[in-house]
Amino acid sequence: MKLFLDTADIDQIREVLGWGIIDGVTTNPSHVARAGRSPAELFPEICRMVPGPVSLEAMGLDADTIVAEGRALAKLADNVVVKVPVMKEGLIAVRRLAAEGIKTNVTTNFSAVQALLAAKAGAAYISPFVGRLDQVGQDGMTLVSEIRTIYQNYDYQTEIIVAAIRHPQHVLNAALIGADICTMAYDVMSLLYEHPLTDQVMQQFLNDWQKVPQ
Ligand code: E4P
């Protein structure tokens, strides 16, 4: 399973690239706002740093505007994936961009039927937001499971990016379901390394090593 870092923070990207476990980056408008830099300057810098797909979001609300934005974003670098919201105009744009060979990541996905439509439109990726579903009392992982089944039933090649991940259990469940990718914030990715028993055993070994005659 591939892991993407969900951020527009250059320092976080640089650090996590050094961990050797990430395959790409996803950004969203909130991340870009937090970065406090103009997309024209920030986006090419991220694309140069990351040796894998970088999702950059188109903000238009009608298909023509989204297609125009998508074309402009795709010109920034070969690894750009245009993030498009899963709405009717968005999926019209996805089909048109796919016909031009421009990859899209259909985002803000909250239902399996939306994911079916995204695959039919030719999306390269679908991003179900599991943590946000959990927050409103629905099971985000059930959605991932349904999408996996539908894509397998009809042999759609659209890759599933499990998004809005809140904790390592989401990553475990995504891997067990067979999702293609998990994208997560720096803080959640850091947690993937953690287990209290690892700390406990390490502390024991370090203490005992002090008693070994040198
Ligand atoms: C994914 O591509 C999104 O950027 C992200 O996962 C959104 O999730 P959140 O804002 O709920 O964390």
Side-chain angles (χ1 to χ4, degrees), residues 1-37 41-57 77 79 81 83 105 107 109 125-145 147-148 159-214:
M1 186 175 64
K2 288 171 271 188
L3 299 179
F4 289 179
L5 186 65
D6 193 35
T7 190
D9 183 314
I10 293 288
D11 293 333
Q12 289 183 354
I13 295 170
R14 186 177 297 111
E15 181 184 337
V16 176
L17 280 171
W19 300 352
I21 57 165
I22 62 162
D23 305 284
V25 164
T26 51
T27 67
N28 68 35
S30 304
H31 295 326
V32 177
R34 270 195 294 278
R37 293 174 57 192
E41 181 193 81
L42 181 64
F43 288 171
E45 189 174 345
I46 295 176
C47 292
R48 278 195 301 274
M49 291 175 77
V50 179
V54 176
S55 290
L56 305 173
E57 193 148 342
N79 55 345
V81 174
K83 233 174 165 184
N105 170 359
T107 187
N109 167 225
Y125 303 95
I126 183 73
S127 289
F129 279 24
V130 296
R132 291 195 184 229
L133 274 173
D134 291 354
Q135 280 165 335
V136 297
Q138 293 181 35
D139 181 18
M141 281 302 156
T142 299
L143 171 59
V144 176
S145 200
I147 299 171
R148 179 77 288 158
E159 291 190 72
I160 303 171
I161 305 181
V162 181
I165 280 183
R166 302 288 184 249
H167 45 68
Q169 194 69 27
H170 276 149
V171 178
L172 171 63
N173 289 335
L176 291 172
I177 290 166
D180 302 282
I181 301 151
C182 282
T183 191
M184 70 206 82
Y186 172 92
D187 290 348
V188 179
M189 195 164 281
S190 303
L191 288 177
L192 302 185
Y193 291 91
E194 302 292 333
H195 196 288
L197 288 177
T198 303
D199 297 341
Q200 189 184 313
V201 175
M202 279 302 296
Q203 194 55 57
Q204 178 199 319
F205 287 170
L206 286 168
N207 291 345
D208 288 343
W209 189 248
Q210 298 300 318
K211 300 171 197 156
V212 174
Q214 302 294 327

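Residue numbers run from 1 in the order of the sequence given. FYI, side chains are in, hydrogens and waters are out, and symmetry mates aren't considered; it's all heavy atoms of this structure.
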Backbone of [Y] reached by a side-chain donor or acceptor of [X] within 3.5 Å:
X	Y	answer
S145	M141	no
N79	G52	yes
E57	S55	no

How close do [X] and [Y] get, counting heavy atoms only, and between which atoms?
X	Y	value
A174	V162	CB-CG2, 3.8 Å
I161	P128	O-CD, 3.1 Å
R37	I10	NH1-CG1, 3.5 Å
A35	A8	CB-O, 3.7 Å
G24	V50	CA-CG1, 4.0 Å
R14	D11	NH1-OD1, 3.2 Å

Taking side chain as C-beta onward, heavy atoms only, is [X] less than 4.5 Å from [Y]?
X	Y	result
Q204	N207	no
L17	I22	yes
V171	M189	no
K83	N105	yes
F129	T107	yes
D134	H170	yes
N109	I147	yes
T183	S127	no

Let me confirm one number: the [atom1]-[atom2] distance from [X] to [Y], rounded to the nearest 0.5 Å.
X	Y	atom1	atom2	result
C182	I160	SG	CD1	10.5 Å
L56	F43	CG	CZ	5.0 Å
Q200	H195	CD	NE2	10.0 Å
K2	I21	NZ	CD1	15.5 Å
I181	F4	CD1	CZ	4.0 Å
T26	L5	OG1	CG	7.5 Å

### Task
Start with the C-alpha gap between R166 and R132, add the side-chain angles, then the distance that decides, and say whether side chain to side chain contact (heavy atoms under 4.5 Å, CB included) holds.
CA-CA 9 Å; R166 302 288 184 249; R132 291 195 184 229; 3.6 Å; yes
#### Entry: Ionic contact status for R148 with D180, cut-off 4.0 Å
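A salt bridge is present here (some side-chain N lies under 4.0 Å from a carboxylate O).
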### Message
Using side chain to side chain contact (heavy atoms under 4.5 Å, CB included), reason through V188 and D6 one step at a time and then give a plain yes or no.
### Response
CA-CA 10 Å; V188 179; D6 193 35; over 6 Å; no
#### Entry: Side-chain donor-acceptor pair present, D199, Q203, cut-off under 3.5 Å
no
### Query
Does the side chain to side chain contact (heavy atoms under 4.5 Å, CB included) test come out yes or no for L192 and M184, once each step is laid out?
CA-CA 11 Å; L192 302 185; M184 70 206 82; 3.8 Å; yes
### Task
Under the side chain to side chain contact (heavy atoms under 4.5 Å, CB included) rule, what do V130 and L143 come out as? Steps first, then yes or no, please.
CA-CA 8 Å; V130 296; L143 171 59; 5.8 Å; no
